[in-house]
Amino acid sequence: MANNHNQSDNLHAMRHSLAHILATALTRLYPGIKLGVGPVVEKGFYYDVDIAGQQLSEDDFGRIQAEMQKIIDENQSFERFTMSIDKAIAWAGQNNQPYKEELLNDLRRAGTTVAKELNKDEMGTFAVGDGKVEEVSFYRNGDFTDLCRGPHVESTGKVGAFRLIRVSGAYWRGKEGNPQMQRVYGVGFATDKELRQYLAMLEEAKKRDHRKLGQELDLFVFSDLVGSGLPLFTPRGTVLREEVMRYSNELRQRFGFQKVSIPHITKQELYEKSGHWAKFGGELFLVKSQETSDRFVIKPMSCPHHTQIFASQARSYRDLPIRYLETTAVYRDEKTGELGGLSRVRSITQDDSHAFCRQDQIEGEINNLLAAATQLYQSVGMQLRVRLSYRDSSDAYLGSPELWVSAQQQLKAAVEANNLDYFEEEGEAAFYGPKIDFMATDALGREHQVATVQLDFVMPQRFELSYTNEQGSAQSPIMVHCALLGSIERFLSVYIEHTAGKFPVWVAPEQIRLITVNQEEKTISFAQVIAEKAFDLGLRVHVDNNNESVGKKIRNAELMKVPYSIVIGEKEIETGEVVPRVRKDIEVNPNHEARTVEEFLKTVANEAKSRVNKTSL
RNA sequence: GCCGUCGUAGCUCAGUGGUAGAGCACUUCCAUGGUAAGGAAGGGGUCUCGGGUUCAAAUCCCGACGACGGCUCCA
């Protein structure tokens, strides 16, 4: 354990040192360069620099890496020393390093506040201990000196394996108004092998990119005429959407959620009342009537609409919880630069549910939703981890403190009851209530934010929702918001990459492909009979009777990642038995053999129903 | 919105100032093929759009739009 700790500390120092070496190399190659900050990030490091008038590109990486390697080969020792902050400011001035100078000035003025701000943004090169900042540390290697907190390894020869991976623009200190610098990213590992593994993972990720697979597997498209961030789903992609949505719904319908339906637009007052208008008005799409002077807003979320269904009747404590479920599109006018594939779109389909419950029902509701989320992510083969997001002691939260304490306890109890891997964080709650955020790890080890369960003490009050309690007085319900998939689009972007497009039978757009060996009438009609039987069992099947070679048709089925293909010819017609070709990732019975068409279809239908990714064939 | 890169046929991409190309896909014909590409012929492009430079622009310059990598943002 201690050893592990040392290793990760050492890796951190290596990456820090690499950032320093990158700065050394850039300073040698581009005299007059102005340095920003160079922190360690996940898997590596970056350095923000300002090279007046010069634009770095990946073509420059060769030279820069060669220069870094030279410095590493020189094995210069890193020498740490400190300076008073005033001297350091003078040093920055003399060395024409205005960004460092600005940071130092801020550090002197605001001390740990600035240090904290920098830490938070992973820019914490200069962070120092508690209290007032009086001196700062420098590192020197050869004739290069840089202001840096460290730690560093003892010499430039001990930094392990590295690679520069990209360069991009980044605002100085992450603030939109500030000048933009060039951020050079690198990755660093203790050994060559780990570096190679990481680069291989990046390669694999590129191959699985959902945008690439989306096109290859004919799942979704974009059209310039429709607009950016507005994906159009093809028949195959629509099957994916509907299957995951159906599952997400079923998992909650089991717990008493009922489907509701709402329009896509609403009067603006709805959001003025909910409070969203003031906060997010700029991101809402507006719709103007050409008949009247009415103005509408396209919904950016469904909760306010749902409150109005709850509010339509007088409710008793006996009626609660009342649970609504709806998978519907919401629209948010994201800035264009933020859009990307399906991960970030402007038409977002949410599998949203809202339970209205009493205070003492919170734990039960959370319990159900956690069980649903656990089952869903288990089915898709992703590891789940949750963050319990609590309030902190500030007064930025609405609702009574006792309610918060009780709610947070109930959240935690439910998370523990479901054996979920969790961590707690104060200050991460929404102002309207604590929440549980779910992170799923995909097949490449990347973590994605997916489901969310949120308690809401505020919206019911804003909409004056109430139920009558045992004493006959009006009481405000608590709303439990939940999305299991999050947004269907984002979920699919993750899921497509997780599976590399090899979807299990239950979601596969095409489950069975029947490949005719020739164009003869009896071959085609035999295939069609099988197709009809499959359809009756609810299976998605396609007959490929194209006038192509069998080899070609097999290849096409493989390229489309169809789970089962069956060649139909003389033999099958005579025996009524088939030997399915099973997609390679699907676990298959070692002594699998020919079976009747009916047996085969029944088996596949069962696999689809039980949502497994193995076959008993 | 900001910085950068890119935009050629349905797809993947060649083509750097002188009449627009390949493979796959598509259509037709031949072949009736047994588990990852049978053969031949044919159709298909205002080179994203708009301006400019030039005798001449896919190619050089400016602008718009779109995609991508980041930054900022993400109820």
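Just so it is clear: chains get the letters A, B, ... in the order the sequence lines come, proteins before strands, and each one is counted from 1.
Checking B:rG66, B:rA75, B:rC71 against every side-chain atom of A:E283, the shortest atom distance belongs to B:rA75. Considering only side-chain atoms of A:L559, the nucleotide from B:rC73, B:rA36, B:rA75 that sits closest is B:rA36. Residue A:K584 has its side chain nearest to B:rA36 when only B:rA36, B:rC11, B:rG34 are considered. Of the candidate nucleotides B:rG34, B:rG70, B:rA75, B:rG70 has the atom lying nearest to any side-chain atom of A:R166. In this structure, the nucleotide among B:rG34, B:rA36, B:rC71 sitting nearest to the side chain of A:R183 is B:rC71. Checked against B:rG38, B:rA67, B:rG34, the side chain of A:K571 finds its nearest nucleotide in B:rG34. Nearest nucleotide to the side chain of A:Y171, out of B:rC71, B:rA37, B:rG34: B:rC71. The side chain of A:S549 lies closest to B:rA37, out of B:rC68, B:rA37, B:rA36. The nucleotide whose nearest atom lies closest to any side-chain atom of A:V517 is, among B:rA36, B:rG34, B:rC71, B:rG34. Considering only side-chain atoms of A:Q180, the nucleotide from B:rC68, B:rC2, B:rC73 that sits closest is B:rC2.
Between A:H276 and A:Y271, the angle of the ring planes goes over 60°, which puts this pair in the perpendicular group of the 30/60° scheme.
Distances shorter than 4.0 Å separate none of the side-chain N or O atoms of A:K552 from OP1 or OP2 on B:rC24. Applying the 4.0 Å criterion to OP1 and OP2 of B:rG69, one finds that A:R211 has a side-chain N or O inside that range.
Under 4.0 Å is where a charged nitrogen must lie from a carboxylate oxygen, and between A:R391 and A:E426 no such pair does. Ion pair A:R555/A:E548 not flagged as a salt bridge, since none of the NZ, NE, NH1 or NH2 atoms sits closer than 4.0 Å to an Asp/Glu carboxylate oxygen.
The CD atom of A:Q519 sits 13 Å away from the P atom of B:rU28 (whole-angstrom rounding). Taking atom CZ on A:R173 and atom P on B:rC2, their separation rounds to 23 Å, with Å as the unit.
Tested against A:T328 for a side-chain hydrogen bond (donor to acceptor under 3.5 Å, both in side chains), the candidates A:K299, A:Q350, A:H305 yield a single pass: A:K299.
The base of B:rG10 lies outside donor-acceptor range of the side chain of A:Q215, with no N or O pair under 3.5 Å.
Judged by Watson-Crick or G-U wobble contacts below 3.5 Å, the nucleotide B:rG10 has B:rC24 as its partner.
Other residues, nucleotides and ligands contribute only 12 or fewer heavy atoms inside 6.0 Å of the CZ atom of A:R490.
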